[in-house]
Amino acid sequence: MTQYDFNRIEKKWQEYWAENEIFKAENNSKKEKFYCLDMFPYPSGAGLHVGHPLGYIASDIVARYKRHQAFNVLHPMGYDSFGLPAEQYAIQTGQHPAVTTKENIARYRQQMDQIGFSFDWSREVRTSDPNYYKWTQWIFIKLFESWYDNSQNKACDIQELIAIFSSKGNITINAACDQKTETFTADEWKAFSEKEQQEILLKYRLTYLAETEVNWCPALGTVLANDEIVNGVSERGGHPVERKKMMQWSMRVSAYAERLLQGLNKIDWPESLKETQRNWIGKSVGAEIQFRIQNSEFKIFVFTTRPDTIFGVTFMTLAPEHELVSEIVTPEQKEEVEVYIKQTGKRSERERMADIKNITGVFTGAYAEHPFTKEAIPIWIGDYVLAGYGTGAVMAVPCGDQRDYDFAEHFELPINNIFENVDISKEAHSDKDKNTVIAHSGFISGLMWDKAAKTVIEKLEEIGQGKGKTNYRLRDAVFSRQRYWGEPFPIYYKNGVPHTIPEENLPLRLPEVEKYLPTETGEPPLGRATKWHWDEGKCSVVSDQLADDKTVFPLELNTMPGWAGSSWYFFRYMELAISDGGKRDEVFASKDAMNYWKNVDLYIGGSEHGTGHLLYSRFWVKFLYDRSLVPVEEPFQKLINQGMILGESAFGYRLENENKFVSKNLVKNQKAHPIHTDVSFVNIHNGLNIEVFKNWRPEYKDAEFITEEDGKFIVHREVEKMSKSKYNVVNPDDICEEYGADTLRMYEMFLGPLEQAKPWNTAGITGVHNFLKKLWKLYVWPNSSKGGKSEFYISEEKANPESLKILHKTIKKVTDDIESFGFNTAISALMICVNELSAQKCNNREILEPLAVLVSPFAPHIAEELWEKLGHSESISEVNYPIFEERYVVENTKKYPISFNGKMRFTMDLPLDLSKEGIEKTVMTDERTKRQLEGKTPKKIIVVPGKIVNIVS
RNA sequence: GCGGGCGUGAUGGAAUUGGUAGACAUGCCAGACUUAGGAUCUGGUGCCGCAAGGUGUGGGAGUUCGAGUCUCCCCGCCCGUACCA
């Protein structure tokens, strides 16, 4: 066996790793822990393409590297196995989603095993497994049993709230709750009926049921969260979305807005992603101001970030949905207003977005009163004001806000300039400019905006017509989905009031249904379940245990959204499986396990989860922390977004109305359309295999091909997202078969920086494959005593200094690069190392042993094989990382600034051993330095650490 | 519009963070060996030039002894977000 036979080697070691459970992490190790996590995949039917494993390869390199560094590494994997595609497939075929999911998982597992990841599969999780979603339901119950105390700034037990209600009512409570909650005393609380009390409590719970305006997607038959909508259509499938009022479960994530924002400062995430989350949270500081309405009891509350412009208010605008509209509209305007509201209500969100330029609005006939000048301010309705943000009403300051300005111009409303020396004849002056002075503004005239804003807030508080306020864009997250393939809510209804199912009866299992569609009455698919088992042997419902009167209570028919299971799965991995003596059947994760593993040290995944998974996980973790259920407040300490691997689609140009294809360079003035062709039909020189293409589709069977002079047909290439429908998918299995998993792993890393999006181009793969072949050859030499036949041969003699130098340079470079995720340059360093060692014909154990360890995170299979050939019986993953020794790297130098005639002129590479004070040494200077010194060559330099180096001529 | 990022050979990309631009790899060219292959090895390869040399990191200016790197303006590209008061 002298050839690099990757197929044999890879199979051998993958089996070895699995049999000996090499990568099983311990929970009670004295070693330092390192938790290295990938975002777990949704197991889709299409299997993995070369883009999927990119992040897994990167984390696997880090995991293996950390093991060499003697860390106890937790590197788990699992499946986010609830989700839409399996359900859509079920609707079409009748196949149970659990069956499809199981098959897909098996395929994913097989593909992942082939790449040689060092996952600890004993800790695998699947969100659709009842033993897993039992705990998702359990956490939901904990959320249901909690409220958010703004005074303590944390979530607390709802029992505490009930205690306060019975002793003091809700007047002293500062809680995150529905705005319209009315105040009551302790006596009033006690007088409420059970149902009334439950309804009030629901307004305080961290997960609550409320009539919400939701994004309804008729095509998918479900509601979508804001982050599941892209450009007004559903992220999945691109179906239109409309607004609809529905009774829905919501998560009070808004209670955590400030902490979610502050927490970002403590974690090591890409700045762009943090910025995305900051935007999504959307904090704005300003004031809430009350405007009295003339001849009316009602008041309008507005939120503004510019209280300093209050004297510039010339009208007010309410959202069409604003609740006061119907109360304040004058009889003369009533009809016009109603028509307008009807019109805007009909327009979908999408139309409204597409139509920003069009200014619409209507006068209500009512007037508000300016809090300071007492002037009358006309109240308008306009759909540029959003009901969902702030208070759904704005004080319009045309001189300071462009939208107000446009609205005022359109309806010929007055525009008052309150800025000194600012021209507002063309547009509003909306920047918070430090140099702008406020004018014509009563007691704030002559002040800068920030001082003015402060003064206005003070004055408003004095007269009781406003206060400083911070507003967040982040809204509560809708948590109900009208779907089958998700976690059932552990909720039943008694007198229309939701109650949780007792913990000991979890999981509440998904019932069988004969069809995965909504019922005829419009209920979600779970409405079809005739028997709903939620525990072995006990049938449909809760009546036996919970109700005194044998009534059967209905269960919640919605299921939880995709992000429910993924918001806490990283804790589940910490707990050992039951078969390994873990407590997974007793707890979601045990205290001991969580106190040892704490949080994820490195999390690798795509940035598309920026406002979904990554925000909701932080929210749930903060909640669990508040309730002392987990020991950490942030789940992911360091996060890396791996860039997407794109596909290089190939197109053949087909002439319009003809079944004739024209090679790329021959298309001149003819009308030709690019037609996707499968990339596997195209060679690296963009030449199409015409025969294969013809047999691909019947319609191409008789197609004509106009080729270049050399008979080749050249295709046009374009970089696109890798997708089955674009025929540009490259399958990792094929690469593994042809070049091996080690080549695939290294090539994916060599392709470019991890964070960057990059097209897959198989052409360059021979580079890393050659590297592995050369590496193999370093350990295999021709033996002259056996007729020149090659065999494994290692010298036990001491290595020469040159070999040691290149080895230690490589150790340094590779180590630094792995630490900074520069895997592509680390591989370059390994290539240089192997090339130089080959040139030196170096085969000393002293060199080749540490080299194998250096390579092993990148190409673990070949490293294991070489390690074995070196005479070791343990896995290379148990071996310590080589130690870098500076003394071998002679030319390791440091830049020192050089002065000449007392003036700093340039810096120069000097050996490190010169860095001791006072050492004099003659230094050779290069041509460029000579030139800079105007021909004077320095003879000696004196090094003074931290100071400028003087040249002694 | 706003926010974040980027622009380097034919190509993917390096550059010790202000110090010999183009590492490494692909591609290409030349050669060696060869029962010819998509094998292996050697050399070359930013551009212009036979050469000496000149020139060169999207364009323009600036700071600096010195700029791919820092500052300003312009051009182009990508990502995120959007009537947020």
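Numbered from 1 within each chain, the chains take letters A, B, ... in sequence-line order. Only this structure's heavy atoms are used, side chains among them; waters, hydrogens and symmetry mates stay out.
Comparing G76(B) with G60(B), their C1' atoms sit 15 Å apart, to the nearest whole Å. Of the C1' atoms belonging to G9(B) and U45(B), the separation is 10 Å, rounded to the nearest Å. When the P atom is used for both G5(B) and A10(B), the distance is 29 Å, rounded to whole Å. Taking atom C1' on both A51(B) and G66(B), the two are 29 Å apart, rounded to the nearest angstrom. C33(B) sits 37 Å from U20(B) when the C1' atoms are compared, rounded to a whole Å. Across the C1' atoms, G44(B) and U26(B) are found 16 Å apart, a figure rounded to whole Å.
Residue E271(A) is classed as having no contact, given no heavy-atom separation below 4.0 Å to the nucleic acid. Among the heavy atoms of the strands lying under 4.0 Å from N824(A) are primed sugar atoms or P, OP1, OP2 only; no base atom is included. Across all strands shown, S272(A) has heavy atoms under 4.0 Å from sugar-phosphate atoms exclusively, and none from any base. Within 4.0 Å (heavy atoms only), D816(A) reaches no atom of the nucleic acid at all. Within the nucleic acid shown, E648(A) has no heavy atom closer than 4.0 Å to any nucleic acid atom. Using a 4.0 Å heavy-atom criterion, one finds that Q756(A) contacts the sugar-phosphate atoms exclusively. Counting non-hydrogen atoms under 4.0 angstrom, T766(A) reaches the backbone sugars and phosphates but no base.
Residue S284(A) has a polar side-chain atom (N or O) positioned under 4.0 Å from OP1 or OP2 of A85(B). The side chain of R475(A) places no N or O atom within less than 4.0 Å of a non-bridging phosphate oxygen (OP1 or OP2) of C84(B).
In this structure, CH2 in W760(A) is found 6.5 Å from CG in L751(A), a value given to the nearest 0.5 Å. With rounding to the nearest 0.5 Å, the separation of CG in D742(A) from CH2 in W776(A) is 11.0 Å.
When side chains are defined from C-beta on, M395(A) counts as touching V397(A), because their heavy atoms get closer than 4.5 Å.
Among A82(B), A23(B), A85(B), the nucleotide with an atom closest to any side-chain atom of L386(A) is A85(B). Candidate nucleotides C84(B), C24(B), G3(B) were compared by shortest atom distance to the side chain of E275(A), and G3(B) ranks first. When distances run from any side-chain atom of A763(A) to the nucleotides U26(B), A85(B), A25(B), the shortest one goes to U26(B). Here A82(B) is the nucleotide among A23(B), A82(B), C83(B) with the atom lying nearest to any side-chain atom of W280(A). Closest to the T276(A) side chain, of the nucleotides C24(B), A85(B), G80(B), is G80(B). Set against C83(B), A82(B), A85(B), the side chain of D383(A) has C83(B) as its closest nucleotide. Taking every side-chain heavy atom of R473(A) into account, A82(B) is the closest of G13(B), A82(B), G38(B).
Put simply, CZ on R278(A) is 20 Å from P on C2(B), counting in whole angstrom units. Atom C1' of nucleotide A23(B) and atom CZ of F823(A) are separated by 19 Å, given to the nearest angstrom. L264(A) places its CG atom 19 Å from the P atom of G80(B), with the value rounded to the nearest Å. Note: CZ (F303(A)) to C1' (A85(B)) measures 8 Å, nearest angstrom. We find that CG of D404(A) is positioned 15 Å from P of C83(B), with the value rounded to whole Å. Between the CD atom of E321(A) and the P atom of C83(B) there is a distance of 13 Å, rounded to whole Å. Nucleotide G13(B) holds its P atom 11 Å from the CG atom of N761(A), rounded to whole Å. M395(A) places its CE atom 15 Å from the P atom of C84(B), with the value rounded to the nearest Å.
For D816(A), the side chain to side chain donor-acceptor pair (under 3.5 Å) partners at least two apart in sequence or on another chain are K812(A). The salt bridge (charged side-chain N to carboxylate O under 4.0 Å, His left out) test applied to D734(A) returns no partner, not counting sequence neighbours. For the side chain to side chain contact (heavy atoms under 4.5 Å, CB included) test, residues two or more places apart in sequence or in another chain that qualify with N7(A) are D5(A). In this structure, the side chain to side chain contact (heavy atoms under 4.5 Å, CB included) partners of R473(A), at least two apart in sequence or on a different chain, are W280(A), Y389(A). Applying the side chain to side chain contact (heavy atoms under 4.5 Å, CB included) test to K774(A) and every residue at least two apart in sequence or in another chain returns V834(A), N835(A). In this structure E737(A) satisfies the side chain to side chain donor-acceptor pair (under 3.5 Å) test with no other residue, sequence neighbours excluded. Considering only residues two or more places apart in sequence or on other chains, N279(A) meets the side chain to side chain contact (heavy atoms under 4.5 Å, CB included) condition with none of them.
Applying the salt bridge (Lys or Arg N to Asp or Glu O under 4.0 Å) rule to pairs touching residues 301-319 of chain A yields R306(A)-D308(A), sequence neighbours excluded. For residues 749-773 of chain A, the set of pairs meeting the salt bridge (Lys or Arg N to Asp or Glu O under 4.0 Å) definition, not counting sequence neighbours, is empty.
Contacts between residues 744-754 of chain A and RNA chain B, defined by a heavy-atom separation under 4.0 Å, are made by F750(A), L751(A), P753(A).
With hydrogens and angles left out, the side-chain atoms of S254(A) and Y472(A) include no donor and acceptor closer than 3.5 Å.
G66(B): glycosidic angle beyond 90° from 0, hence anti. Classification of U17(B) as syn follows from a glycosidic angle within 90° of 0.
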Distances for protein N or O near nucleotides 40-46 of chain B N or O, under 3.5 Å:
{"residue": "U40(B)", "atom": "OP1", "partner": "N770(A)", "partner atom": "OD1", "Å": "3.3"}
{"residue": "U40(B)", "atom": "OP1", "partner": "K773(A)", "partner atom": "NZ", "Å": "3.4"}

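Looking at which nucleotide of RNA chain B each of G392(A) and E738(A) is closest to, the 5′-most match is held by E738(A).
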Pairing string, 5' to 3', for RNA chain B - Watson-Crick or wobble contacts under 3.5 Å, brackets [ ] where pairs cross, | to another strand: (((((((..(((......[....)))((((((.......))))))(((....)))..(((((..]....))))))))))))....
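For F6(A) and H769(A), the distance between ring centers is under 6.0 angstrom.
Residues E836(A) and K805(A) are not paired through a salt bridge, judged by the lack of any N-O separation under 4.0 Å between the basic side chain and the carboxylate.
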